[in-house]
Every structure is written in structure tokens, then in C-alpha cells.
Q: 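Sharing a structure here in C-alpha cells format.
As the structure is a computational prediction, the values presented were derived from the model and not from experiment.
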Amino acid sequence: MIRLSRKSLSALALVAGLGLAGAAVAAVNARAVIESREANFKTMGRSMKAITDGLKADSPNMSAIASNAATIRGLAPKVSTWFPKGTGPESGVKTDARAEIWTDPAGFAAAARRLEPEAAKLEALARAGDVAGARAQVRALGGTCGGCHDKFKVD
Ligand code: HEC
């Protein structure tokens with residue numbers, strides 16, 4: 001029989017308590033991370049909508065298109081940092097992130113890397129006032145959003 005001294009019992013209780021506190025901290029952090037990345041994606045979604053709506057006009061406001069493209073370009077290199085381990089479906093927090101983000105990190109990183117250059121191209125075309133070019137490029141940019149969502153985001 002294992003006999004535990006009072007000291008070791010309280011040490012065990014302390015470890016168990018720390019474990020629970022650790023889990024609670026992790027849950028709080030997961031929620032904060034998920035909420036902040038969803039807010040960032042909403043910003044990208046609003047910029048994308050402003051771009052597609054804006055480009056439907058006969059003479060689009062190209063500086064508005066450029067600045068929305070710049071918003072997406074600025075966020076793009078950060079996307080891969082918004083998914084630390086423990087912030088997937090297993091966190092218990094509501095998220096549309098699929099577990100494949102963590103089981104296929106190379107595929108996810110590749111999908112994330114496609115975003116910035118396409119946003120930068122759109123921004124450059126918009127700054128140059130190239131309406132036809134921007135209309136074509138917004139489809140390429142949208143393809144990088146959809147390409148990642150198809151594999152890594154719940155519908
Ligand atoms: C590398 C992958 C990836 C790329 C690229 C990507 N997304 Fe997403 N997006 C996700 C994932 C994963 C989620 C789900 C996040 C969550 O729920 O935790 C998401 C969620 C969203 C949401 C929903 C946010 C919410 O919770 O309401 C919008 C809107 C969105 N993305 C827009 C875009 C747009 C627009 C682009 C392109 C300009 C884009 N995304 C590019 C992976 C990506």
C-alpha cells in the first residue's frame with residue numbers, strides 16, 4: 001500500500017489544482033484567439049465585399065478598391081499565426097476551423113501563403129487605375145480565400 005504523507009497529499013492537491021487552472025486558462029485563451037481571428041476574417045470579408053461591389057460600378061472608385069485590397073494584404077501574412085494548437089474544434093469553443101489545419105500544417109501554410117501576393121497584385125492594379133485588370137484579379141484573390149475555406153473551414 002502506498003502511504004502518502006500530508007505534505008505529499010497537499011502537493012498532489014496543488015498539482016491537481018494547477019492542472020484545472022491550466023485548463024481554464026487554456027479555454028479562456030482559446031476563446032480569445034478564436035474571437036480575434038474571426039474578427040480579422042470579418043474585416044477581410046467586408047473588404048472583399050467592398051471590392052466586388054465597388055468593381056460593379058461603371059467607373060469604380062479605384063482608390064477605395066486599393067485601400068480595401070491593402071487591408072487584406074496587411075492581414076494576409078498574419079493568417080497562419082491565428083491558429084495556435086488548442087484553438088481547433090477540440091477546444092469546445094465554437095469555431096469553423098477544421099482539425100485539418102493542425103493535421104496538415106504544410107497544406108494550411110501553403111494556402112495561407114497564396115493570399116498576400118494576390119492581394120498585393122489587386123492593390124497595384126487598383127492604384128494604377130486598371131479596372132479590367134482589377135476585375136480579373138479579384139477573382140484570383142477570391143480563389144485563394146475559397147481554396148483555403150474548401151479544405152480548412154467548416155461550410
Ligand atoms: C489559409 C486559410 C484561409 C484563407 C486564405 C482565408 N480564410 Fe477565411 N477563414 C479561414 C478559417 C479556418 C476560418 C474559420 C475561423 C474560425 O471560425 O475560427 C475562416 C473564416 C472566415 C470568415 C468568417 C468569419 C466569422 O467568424 O464570421 C470570413 C468572412 C472569411 N474567412 C473571409 C475570408 C476572405 C474574404 C478571404 C480572402 C481574402 C479569406 N477568408 C481567406 C481560413 C482562411
Q: Taking all non-hydrogen atoms of both residues into account, name the closest pair between L122 and A134 and its distance.
A: CD1-O, 3.6 Å

Q: Show the nearest heavy-atom pair for residues P60 and R135, with the distance to one decimal.
A: CG-NH2, 4.0 Å

Q: Does a donor on one side chain and an acceptor on the other come within less than 3.5 Å for S63 and R127?
A: no

Q: Looking only at the aromatic ring of each residue, does the gap between the centers of F108 and W102 stay below 6.0 angstrom?
A: no

Q: Residues two or more places apart in sequence or in another chain: which of them pass side chain to side chain donor-acceptor pair (under 3.5 Å) with N40?
A: none

Q: Distance from K151 atom NZ to R98 atom CZ, nearest 0.5 Å?
A: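 So the gap between those two atoms works out to 10.5 Å.
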
Q: Provide the closest heavy-atom pair for P89 versus A97 in the form atom of the first, atom of the second, distance.
A: CD-O, 3.4 Å

Q: For the atom pair CH2 (W82) and CD1 (I34), what is the distance rounded to the nearest 0.5 Å?
A: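 Here the rounded value is 14.0 Å.
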
Q: Mind checking whether L141 and M48 have side chains closer than 4.5 Å, heavy atoms only?
A: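 Contact flag for L141/M48 side chains = yes.
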
Q: Parallel, tilted or perpendicular, judged at 30° and 60°: which one describes the rings of F83 and F41?
A: tilted

Q: For the atom pair CG (L115) and SG (C145), what is the distance rounded to the nearest 0.5 Å?
A: 6.0 Å

Q: Got M62 and L55 here, is their nearest side-chain heavy-atom distance under 4.5 Å?
A: yes

Q: Test your reading of the model: is there a side-chain donor-acceptor pair from N68 to the backbone of A64, 3.5 Å cut-off?
A: yes

Q: For the residue pair T87 and E90, what are the closest heavy atoms and their distance?
A: N-OE2, 3.8 Å

Q: Drop me the distance from I65's CD1 to E123's CD, to the nearest 0.5 angstrom.
A: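 One gets 12.0 Å once the value is rounded to the nearest 0.5 Å.
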
Q: Nearest 0.5 Å please: distance from the NZ atom of K49 over to the OG atom of S47.
A: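 Between atom NZ of K49 and atom OG of S47 there are 12.0 Å.
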
Q: Using the side chain to side chain contact (heavy atoms under 4.5 Å, CB included) definition, which of the options E35, R37, R31 pairs with V33?
A: R37

Q: Which heavy atom of Q137 sits nearest a heavy atom of K121, and at what distance?
A: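 Closest approach of Q137 to K121, heavy atoms only: NE2-CB, 3.5 Å.
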
Q: If every non-hydrogen atom of M44 is compared with every non-hydrogen atom of L75, which pair is closest and at what distance?
A: CG-CD1, 3.6 Å

Q: Just how far is it from atom CD1 of I51 to atom NZ of K56, taken to the nearest 0.5 Å?
A: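 Here the interatomic distance stands at 12.5 Å.
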
